[in-house]
Structure formats: structure tokens, C-alpha cells
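Remarks on the structure that follows.
Predicted model only: the values in this text are computed from it and were never measured. Nothing fancy with the numbering, it's 1 onward along the sequence.
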Amino acid sequence: MTIRLYDTSARQIRDFSPLTPGCVSIYLCGATVQAAPHIGHIRSGLNFDILRRWFTYRGYDVTFVRNVTDIDDKIINKAADQGRPWWSIGYENERAFNSGYDALGCLPPTVEPRATGHVTEMVEMMRGLIERGHAYAADGNVYFDVRSFPGYLQLSNQELDNLLQPSGEGETGKRDPRDFAMWKAAKPGEPSWETPWGRGRPGWHLECSAMAHKYLGETFDIHGGGLDLIFPHHENEIAQAKAFGDDFAQYWVHNAWVTMSGEKMSKSLGNSVLVSEMVKHWRPIVLRYYLGTPHYRSMIEYSEEALREAEAAFARIEGFMQRATELAGKTVEPAAEVPPAFAEAMDDDLGVPQALAIVHTTVRQGNSALTADDKESAVARLAEVRAMLGVLGLDPLDEQWADASAGRGDDLHGVVDSLVRLVLDQRQAARTRKDWAAADAIRDQLQHAGLAIEDTPSGPRWSLS
């Protein structure tokens with residue numbers, strides 16, 4: 001058994017070899033909390049949640065760090081526009097992110113550090129970089145000297161002479177326009193912290209290098225994030241950490257975006273689909289299926305039609321699970337192991353689409369067993385399906401989803417069931433008196449209303465079609 005992952009730095013799929021046998025350390029760039037999350041933000045956390053679950057299934061002890069950027073230009077600007085404290089903006093949106101992660105079934109991280117809680121570690125790193133000749137202070141700012149680090153831009157595969165480094169307002173005193181800010185001098189009315197180089201606040205890149213060092217040490221296994229972070233963020237993280245003396249991440253894993261009309265979903269583009277709104281119209285487990293089942297390196301083009309297709313596909317899985325559970329007459333526990341073909345797909349760069357094909361094949365086999373009244377086979381297939389869905393965080397019989405369903409309108413199921421039963425009793429009465437035309441008319445009306453009727457040995461059963 002060897003898990004293989006696409007390593008951005010190597011530009012190829014590599015066998016995964018952990019630094020410590022039996023353990024995996026992961027750092028994921030998490031939320032920048034200037035606004036509530038859209039589904040593109042949550043996709044990254046969800047993809048790495050599945051990766052984490054797969055490592056755990058394979059027997060690894062996983063340490064998962066997902067940071068929160070709670071101070072940056074956008075947060076400060078939004079606070080000024082709204083006349084609110086900057087920390088109020090951050091806390092509000094941090095809660096919104098965590099609500100989104102929770103709603104879509106993401107496991108909580110081992111630790112979720114905030115940037116503002118690690119200024120001491122950032123100052124220590126800057127001091128070390130200045131002493132080693134990789135950084136310098138100017139006008140209250142502290143910059144990284146990119147020419148001092150020969151490996152700069154290897155991750156993004158760029159040439160330094162062609163680089164246009166983004167700069168922020170007030171970044172004065174640079175020796176080279178391509179140098180990037182690790183620390184920004186204080187401005188009137190903005191939050192700031194005391195340092196040996198004057199009051200100021202963290203630069204975006206420094207915080208992750210410092211927090212990864214604190215919680216995962218000088219070297220760790222996997223650094224993750226979205227494709228848009230490769231440059232400048234991850235490139236600058238590498239420069240800071242390695243110039244400081246850390247080996248840093250051994251593998252770089254990046255997920256693709258959710259797009260709308262071919263553009264990356266972005267708050268700045270005004271094409272965001274907020275998680276808080278989506279869960280009002282779609283079941284969270286369906287959203288997880290939609291966002292989590294494409295390959296993590298594939299773009300997802302958002303559309304309601306695609307979401308409806310995901311809903312229908314997941315309904316087929318749920319339908320089998322419900323019928324098989326009823327036939328078993330009890331809760332069927334997940335199988336101890338997933339099918340070999342499923343495991344092979346997941347080992348191969350987290351091949352969720354191929355693994356999901358095994359799920360649907362198993363569901364079809366289970367449905368065939370139900371049709372043949374083969375209880376033993378149907379129950380065995382149900383156990384396999386539960387094991388596979390559990391790895392993906394999509395098992396509807398898991399208590400996390402049962403708890404999530406409470407209070408979301410599922411109490412109406414009993415009311416609808418009672419009403420449908422009245423109509424089905426009328427249909428059964430028509431069948432008893434051999435009034436087939438009336439029975440068929442009732443069935444057709446129910447189907448037109450969106451209900452599928454299935455006649456079983458134990459009586460008629462309805463479900464959403």
C-alpha cells in the first residue's frame with residue numbers, strides 16, 4: 001500500500017513517504033476572514049478533509065493545522081468602511097467559516113491558530129532572517145531580500161528577472177521592488193504591535209511560516225491550499241522558512257477552484273455563492289457530494305443544473321441504503337474494509353471520481369440483490385457502501401448527518417408521509433376492487449407531484465423522484 005500525491009513542487013505524482021512512520025503532518029492555508037465564505041472557500045477545506053480521512057483510514061496518525069488570517073489589508077479596509085473594530089469583522093467571519101466547515105461535515109483541525117496570536121513567533125523569525133542576511137528593516141517595514149535566496153520561485157517555476165511582485169500601500173524603503181513585506185509599519189488608526197523595528201502588523205506570508213514552524217516544527221509532510229496561493233503566498237512562505245533554516249514542507253498539494261462563467265469564484269468579482277445561503281436551499285450533504293466528489297485538481301464550474309444532478313445521484317445512493325436497511329431490519333454497520341478497487345483509486349492521488357464509480361457500482365449490485373430478494377448480498381453491499389461513504393464523509397446514516405438533519409425541516413417528512421399514505425390507501429382500495437384505471441391515475445398524479453411509487457412485498461413505498 002502506497003499513497004501517491006501530485007506534488008506541485010515536483011510537477012508530478014510522487015509516492016508519499018512520511019517523515020515519521022505512521023504519522024502525517026499537514027498545514028493548510030485556511031480562511032482570511034474579511035467576509036463570509038462562499039463555496040469556493042469551503043472546497044479547499046473539504047478536499048483536505050477527505051485527504052485527512054483517507055490517511056486516517058490507512059492507519060496514519062494525522063496532525064492537521066488550518067490557520068486563520070485575522071489581520072490584513074482587506075479586513076482593516078472593511079472595518080473602516082463599516083465603522084466597526086477590525087477584530088469584530090474577523091471574529092464574525094471566522095464563525096461563519098467554521099459554521100460552513102461544520103455544515104459540510106469537515107472534521108475540526110487538530111489546531112486552528114490565528115495570525116494575531118503569533119506575533120512573538122513572527123518577530124523571532126524576522127530577527128533570525130535579518131541576522132542571516134535574508135531580510136532588512138526600512139521605514140518601519142521589514143522586507144525579505146529575494147535575491148539572497150537562490151531557490152526563490154522554484155515552486156511557481158518563474159524567472160526572477162520577469163517577476164512583478166505585488167506591493168501594498170506604504171511599502172517604502174525597498175532595496176529591490178521584488179522584495180516582499182514580512183512586516184508593515186503602523187498607520188494611524190490601524191492595529192499594531194511593538195517590535196524591535198517599530199510598531200506595525202504582520203505581512204500575509206510571514207504568519208504561515210511562523211505558525212507552521214511552531215506547530216509542526218522545522219519540517220513537515222504536506223502543505224496545502226488553493227492554486228491561487230502558489231504565488232506569491234506559498235512561494236514567499238518557502239523563502240522565509242528555508243532561509244530561516246527550516247526544511248519546511250516535503251509535499252505541496254493544491255486544489256483547483258470553483259468557477260462561474262469560467263472565472264474563479266471570488267468576492268471581488270461579485271460572483272460568490274455564500275455557504276450560509278446555499279444550505280438554505282440544498283441539503284449540506286448534497287453540497288458536500290457536489291464539491292467533494294470531483295477530483296481535487298479539477299475545476300468545478302458552478303451551476304444549479306450540476307447541483308441538481310449531484311442531488312439526484314446521491315438520492316440513488318440513499319434510496320438503496322434505505323431499502324437495504326429496511327430489509328435487514330436493523331442498522332447495518334460499515335464493513336471493516338473498503339473494496340480493493342475503491343482503495344486503489346483513493347491511493348492514486350486521491351482519485352475520488354474513480355472511487356465514487358465503485359460506490360455506484362456497488363449500489364447497483366445492491367439494488368439487483370434487493371430485486372432478487374437476496375438479503376445476504378444486499379446487506380453485504382450496504383456495509384461496503386457505508387464504509388466507502390464514511391471515508392468520503394458522506395454516509396447519511398452517520399450520526400453527524402442525522403444530527404445535522406434535525407431541525408432542517410425533516411420533521412415535515414412525517415406529515416408528508418401521512419398525507420401520501422392516505423392517497424396510497426385510496427390507490428390500494430382501487431387495486432383491491434380491480435379498478436386499475438383509477439389506481440394508475442393516482443400513481444401518475446403522485447409521480448407528477450415528484451414522488452416515485454414502488455410496490456414491494458411489504459406494501460407500497462414512496463420516495464422523492
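Looking at Asn141, its side chain does come within 3.5 Å of a backbone N or O of Ala185 through a donor-acceptor pair. Counting only distance, with no hydrogens or angles, the side chain of Asp349 and the backbone of Tyr6 share a donor-acceptor pair below 3.5 Å. Formation of a donor-acceptor pair under 3.5 Å by the Thr110 side chain with backbone atoms of Val65 is not found in this model. Judged by distance alone, with hydrogens and angles left aside, the side-chain atoms of Arg52 form no donor-acceptor pair with the main-chain N or O of Phe48 at under 3.5 Å. Side-chain atoms of Ser25 come within 3.5 Å of backbone N or O of Asp221 as a donor-acceptor pair. A donor-acceptor pair under 3.5 Å is absent between the side-chain atoms of Thr20 and the main chain of Cys23, judged by distance alone.
The aromatic ring centroids of Phe314 and Tyr290 lie 6.0 Å or more from each other. Taking the six-membered ring wherever Trp is involved, the centroid distance between the rings of Tyr215 and His118 falls below 6.0 Å.
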Under the side chain to side chain donor-acceptor pair (under 3.5 Å) criterion, do Gln158 and Ser156 qualify, and how do the steps go?
CA-CA 6 Å; Gln158 299 183 78; Ser156 56; 2.9 Å; yes

Show, in sequence, the C-alpha distance, side-chain angles and deciding distance for Leu5 and Arg14, and conclude whether the side-chain contact (heavy atoms from CB on, under 4.5 Å) test is met.
CA-CA 5 Å; Leu5 293 172; Arg14 296 173 55 201; over 6 Å; no

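For Gln12, the CD atom sits in a packed shell: over 12 heavy atoms of surrounding residues, nucleotides or ligands are nearer than 6.0 Å. When the shell of 6.0 Å around CD of Glu190 is examined, it contains more than 12 heavy atoms from other residues, nucleotides or ligands.
Listed by chain and number, the residues in a salt bridge (charged side-chain N to carboxylate O under 4.0 Å, His left out) with Arg364 amount to none (sequence neighbours excluded).
Counting heavy atoms from C-beta on, the side chains of Ile39 and Arg43 never come closer than 4.5 Å. Lys78 is not listed as a side-chain neighbour of Lys74, based on a closest heavy-atom distance of 4.5 Å or more. Inter-residue side-chain proximity for Arg66 and Tyr101 is flagged as met; some heavy-atom pair is nearer than 4.5 Å. Within the 4.5 Å cutoff, the side chain of Tyr136 has no heavy atoms near those of the Val142 side chain.
The two residues Ala181 and Tyr143 come nearest to each other via the heavy atoms CA-CD2, 3.7 Å.
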